[in-house]
Amino acid sequence: MNYIVFDLEWNQSPHGKSRENPRLPFEIIEIGAVKLDHERNIVDTWQKVIRPTVYKTLNYRTREIVHIDKKELDAGTYFPDAVREFLTWAGHDSIFCTWGTVDLPELQRNMKFYNILKLLKGPMHYYDVQKLFAVQYEDMNSRKSLEYGIDYLKLEKQEAFHRALVDAKYTAQIFQTIDLDVMLAYDSIDVYQNPKSKTEEIHMVYNGYTKYISREFHDKEAAMRDPEVLGSYCCICGKKARKRMHWFSVNARNYYCVAECKDHGLLKGKIRMKHADSGKVYIEKTIKISSQPEVESIRAKREELRARRRKKRRETAAQS
DNA sequence: AGGCTTGTGTCCTCAACGAG
DNA sequence: CTCGTTGAGGACACAAGCCT
């Protein structure tokens with residue numbers, strides 16, 4: 001088993017949104033990758049410039065960021081050939097690692113455009129090094145730039161950022177500093193190819209929380225009627241926990257609840273609605289260990305929401 | 001410039017319910 | 001019965017911050 005730390009550079013329509021191809025808003029122009037063995041020693045690298053077929057000139061903003069000239073692009077590899085070679089080089093039992101959450105979806109969107117998405121089965125586990133960096137060095141929820149991470153760790157900046165192999169190397173260097181237990185406790189799941197059937201649904205148990213990714217439902221209401229979606233199970237023992245506060249929403253996408261496990265105490269649940277490509281919806285549910293003060297603040301949040309609506313109504317009623 | 005995510009806030013509609 | 005109030009929540013806009 002190897003780790004494949006990769007990075008992409010991409011381009012977009014040079015003439016604005018009105019003249020973009022809606023199936024491919026971003027076109028990959030370079031793939032760079034570093035292979036690490038199971039002890040995270042660097043053992044190989046791989047890099048290819050991709051010859052664009054959709055946007056043949058660079059968007060002015062892309063030109064400012066990515067230092068690739070037209071000659072290099074014109075001499076590049078046709079995307080499907082490059083991806084086939086990349087995946088073969090990566091090997092089937094490897095785990096991908098990227099800085100942030102966007103590279104894997106972008107890779108798959110480009111693959112879908114060229115009708116070769118079947119070469120990469122999803123959903124898949126991967127390591128988001130940007131997230132691991134936040135867990136180990138920051139406040140857990142921050143998302144910093146790659147350069148911030150390199151500066152923070154005082155690693156040498158020999159090569160300029162924003163070439164795929166360079167950024168992949170920097171990401172790999174940061175990845176090497178992440179404690180094994182942090183890494184194992186915080187893997188990520190890419191759901192560009194979200195679960196379609198009950199058997200494809202994902203149930204993950206982490207240190208202190210669980211994650212569930214559902215199959216597709218016709219709409220939000222159908223999802224919020226499903227017993228599996230609504231259930232709150234203890235993230236330690238897996239037993240059904242008793243609801244202390246029913247699912248309530250702050251907006252159209254997020255639902256919260258509080259439950260209590262007989263043996264392991266207070267739990268907080270969060271449901272996030274996601275839109276699948278097909279127009280249907282699926283949900284991501286996390287259940288975490290909570291505490292009395294946190295439950296109080298959730299309750300306060302709900303009360304505040306109600307109070308604000310009440311106040312608003314009073315004001316509008318007073319005006320008319 | 002554009003995509004994506006997360007959090008906030010506003011406005012509107014719907015249904016339940018009690019008062020008159 | 002109608003009306004007003006209330007909770008609930010959908011639709012949408014906006015602002016950060018990442019990514020290129």
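This is a predicted model, so every value here is computed, not measured. Labels below follow one simple rule: chain letters A, B, ... track the order of the sequence lines, proteins then strands, and each chain is numbered from 1.
Note: CE (A:M140) to C1' (B:dT6) measures 16 Å, nearest angstrom. Rounded to a whole Å, the OH atom of A:Y55 is 11 Å from the P atom of B:dG2. Summarising the geometry, the separation between CG on A:L58 and P on B:dA1 is reported as 17 Å, rounded to the nearest angstrom. When rounded to the nearest whole Å, the span between CD of A:E27 and C1' of B:dG3 equals 16 Å. Between the C1' atom of B:dG3 and the CG atom of A:N21 lies a distance of 15 Å, rounded to the nearest Å. Atom pair A:E221:CD and C:dA8:C1' shows a separation of 12 Å (rounding to whole Å applied). Between the CG atom of A:N254 and the P atom of B:dG7 there is a distance of 6 Å, rounded to whole Å. Straight-line distance from the CD atom of A:E106 to the P atom of B:dG3: 10 Å, rounded to whole Å.
Between C:dG9 and A:K220, no contact under 4.0 Å exists linking OP1 or OP2 to a side-chain N or O. Here A:K270 reaches the OP1 or OP2 of B:dG7: one of its side-chain N or O atoms lies under 4.0 Å away.
Counting non-hydrogen atoms under 4.0 angstrom, A:R163 reaches nothing in the nucleic acid. Using a 4.0 Å heavy-atom distance criterion, A:Y255 is classed as a sugar-phosphate-only contact. Residue A:R63 is out of contact with every strand shown, counting any heavy-atom pair closer than 4.0 Å.
Salt bridge present: A:K198 and A:E228 bring a charged side-chain N and a carboxylate O closer than 4.0 Å. In this structure, A:R242 does not pair ionically with A:E260, as no charged nitrogen and carboxylate oxygen lie closer than 4.0 Å. The existence of a salt bridge linking A:E9 and A:R163 is excluded, since no basic side-chain nitrogen approaches an acidic carboxylate oxygen closer than 4.0 Å. In this structure, A:R215 pairs ionically with A:D226, as a charged nitrogen and a carboxylate oxygen lie closer than 4.0 Å. Taking a cutoff of 4.0 Å between a charged side-chain nitrogen and a carboxylate oxygen, A:K169 and A:E159 qualify as a salt bridge.
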Please tabulate, for the side chains in residues 79-88 of chain A, all donor-acceptor contacts under 3.5 angstrom to protein atoms that are two or more places apart in sequence or on a different chain.
unit_1 : atom_1 : unit_2 : atom_2 : d
A:E85  : OE2    : A:W46  : NE1    : 3.2
A:E85  : OE2    : A:K48  : NZ     : 3.3
A:T88  : OG1    : A:R84  : O      : 2.8

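The aromatic ring centres of A:Y3 and A:F175 sit less than 6.0 Å apart.
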Protein proximity profile, nucleotides 13-20 of chain C - base contact B, sugar-phosphate-only contact S, no contact -, cut-off 4.0 Å on heavy atoms
----SSSB
